[in-house]
J.: 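So that we are looking at the same thing, I have put the structure below in structure tokens.
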Number of protein chains: 2
Amino acid sequence: MTGQTPEDPSTRHDIYGLLCPGRAIFELLVNKWTGLAVTALEDGPRRFGELRRQLEGVSPKVLTRTLRRLEDHGLVTRTVHAEVPPRVEYALTDLGRGALEPLAHLRTWIRANTGRFTAAR
Amino acid sequence: MTGQTPEDPSTRHDIYGLLCPGRAIFELLVNKWTGLAVTALEDGPRRFGELRRQLEGVSPKVLTRTLRRLEDHGLVTRTVHAEVPPRVEYALTDLGRGALEPLAHLRTWIRANTGRFTAAR
DNA sequence: CTGTATCCTTAGCGATACTG
DNA sequence: CAGTATCGCTAAGGATACAG
């Protein structure tokens, strides 16, 4: 034998590897707006305008793109209500809801350590 | 009084607000390489070349920038050993080590749900 | 109201060559 | 070895106007 514990791809190369599926998912979440959008849906469905207001600074174009991408990856559903004026609601899927927990951890940690960060020149 | 529980900035606007300090930190972490670099240092100090190999696909320019930014924010230390050939080691600060936990959560969740993601058109 | 279309700027990234 | 310099490309983002 090698005497070395073999690198376990499911624990080590899950995210570093260029071709590992986890890496693609990581890169989806790791985005200026994606995580914020998912978190904004934590308390239930939200309309386009609500999200737009909550994610301060997002432009409609970018918000649309962000939501579409989340939809494409199965994290969010988009429901159009046949009314006038139009009403569109975005909601988390089970998968999307699952993402809430790790995201909350991150947020909690940030909140707890905000003061310790260097302002960065 | 208003009768409404006031929005608590430390729990709601910690990250959505354009000017909230948490938002800036979030945007630091939320980057293609930042999280990967921090995670790569979890088992101890690493040299530039080691990191470069571990973060598959990163160019030296980008790796330098990533590490500098982490250093500027107080997550990583950079130690130059006066030897020849030069040896530079990067290591996590206490703050950086603290980031490991939320990052691990994210990684665990990704690993557990990889199969559930839609391939995205 | 919910987007799309357009335009434009910047940042990020990748590749590669080269230096102390 | 550990970067820096350079070049070019693309994606991401921001602003705003406009359409169904």
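Chain letters run A, B, ... following the sequence lines, proteins first and then strands; every chain starts at 1. Fair warning: this is a prediction, and the values are worked out from it, not measured in the lab.
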J.: Counting just side-chain N and O atoms, does A/Lys32 come under 4.0 Å of either OP1 or OP2 of C/dG12?
T.: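 For C/dG12, neither OP1 nor OP2 has a side-chain N or O of A/Lys32 closer than 4.0 Å.
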
J.: If you assign each of B/Arg65 and B/Ser59 to its closest nucleotide in DNA chain C, which residue comes earlier from the 5' end?
T.: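 Counting from the 5' end, the first nearest nucleotide belongs to B/Arg65.
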
J.: Indicate every side-chain donor-acceptor pair of residues 57-65 of chain B with a distance under 3.5 Å to a residue at least two apart or in another chain.
T.:
from    : atom 1 : to      : atom 2 : distance (Å)
B/Ser59 : OG     : B/Val62 : N      : 3.4
B/Thr64 : OG1    : B/Pro60 : O      : 2.9

J.: Rounded off to whole Å, could you give me the CD-to-P distance for the A/Glu56 and D/dG13 pair?
T.: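 It works out to 17 Å between those atoms.
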
J.: Should the pair A/Glu50-A/Arg52 be classified as a salt bridge under the 4.0 Å nitrogen-to-oxygen rule?
T.: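 No, this pair does not count.
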
J.: Report yes if at least one side-chain N or O of A/Arg53 is closer than 4.0 Å to OP1 or OP2 of C/dC1; otherwise report no.
T.: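 Result: no.
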
J.: Please report, rounded to the nearest Å, how far the C1' atom of C/dA15 is from the CG atom of B/Leu63.
T.: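 In whole Å, C/dA15 C1' lies 15 Å from B/Leu63 CG.
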
J.: How close or far is atom C1' of D/dA12 from atom CG of A/Leu55, stated in whole angstroms?
T.: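 Rounded to whole Å, this separation is 16 Å.
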
J.: With respect to the phosphate group of D/dG14, does any side-chain polar atom (N or O) of A/Trp33 fall under 4.0 Å of OP1 or OP2?
T.: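 Result: yes.
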
J.: For A/Phe117, enumerate each residue passing the ring-ring contact (aromatic ring centres under 6.0 Å, His included) test, keeping only those at least two apart in sequence or located in another chain.
T.: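 A/Trp109.
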
J.: What is the distance, to the nearest angstrom, from the CD atom on A/Glu27 to the P atom on D/dA11?
T.: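 Atom CD in A/Glu27 sits about 13 Å away from atom P in D/dA11.
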
J.: Passes salt bridge (Lys or Arg N to Asp or Glu O under 4.0 Å), B/Glu89 versus B/Arg87? Steps please.
T.: CA-CA 7 Å; B/Glu89 289 198 320; B/Arg87 185 164 58 96; 3.5 Å; yes

J.: Rounding to a whole Å, what distance do you find between B/Asn31:CG and D/dA11:P?
T.: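 The distance from CG of B/Asn31 to P of D/dA11 comes to 17 Å, rounded to the nearest Å.
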
J.: Does the pair B/Arg97/B/Asp94 count as a salt bridge with the N-to-O cut at 4.0 Å?
T.: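 So B/Arg97 pairs with B/Asp94 through a salt bridge.
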
J.: So if I apply the side chain to side chain contact (heavy atoms under 4.5 Å, CB included) rule between A/Leu75 and each of A/Ile25, A/Leu41, A/Thr34, A/Leu95, which one comes out positive?
T.: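 Of all the options given, the one that passes is A/Leu95.
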
J.: Between A/Pro85 and A/Leu18, which is nearer to the 5' end of DNA chain C once each is assigned its nearest nucleotide?
T.: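 The 5'-side residue here is A/Pro85.
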
J.: Could I get a table of every N or O pair under 3.5 Å where one atom is in the protein and the other is in nucleotides 2-5 of chain D?
T.:
from  : atom 1 : to      : atom 2 : distance (Å)
D/dA2 : OP1    : B/Arg47 : NE     : 2.9
D/dA2 : OP1    : B/Arg47 : NH2    : 3.2
D/dA2 : OP2    : B/Gly49 : N      : 3.0
D/dG3 : OP1    : B/Arg78 : NE     : 3.3
D/dG3 : OP1    : B/Arg78 : NH2    : 2.4
D/dG3 : OP2    : B/Tyr90 : OH     : 2.7
D/dT4 : OP1    : B/Arg68 : NH2    : 2.9

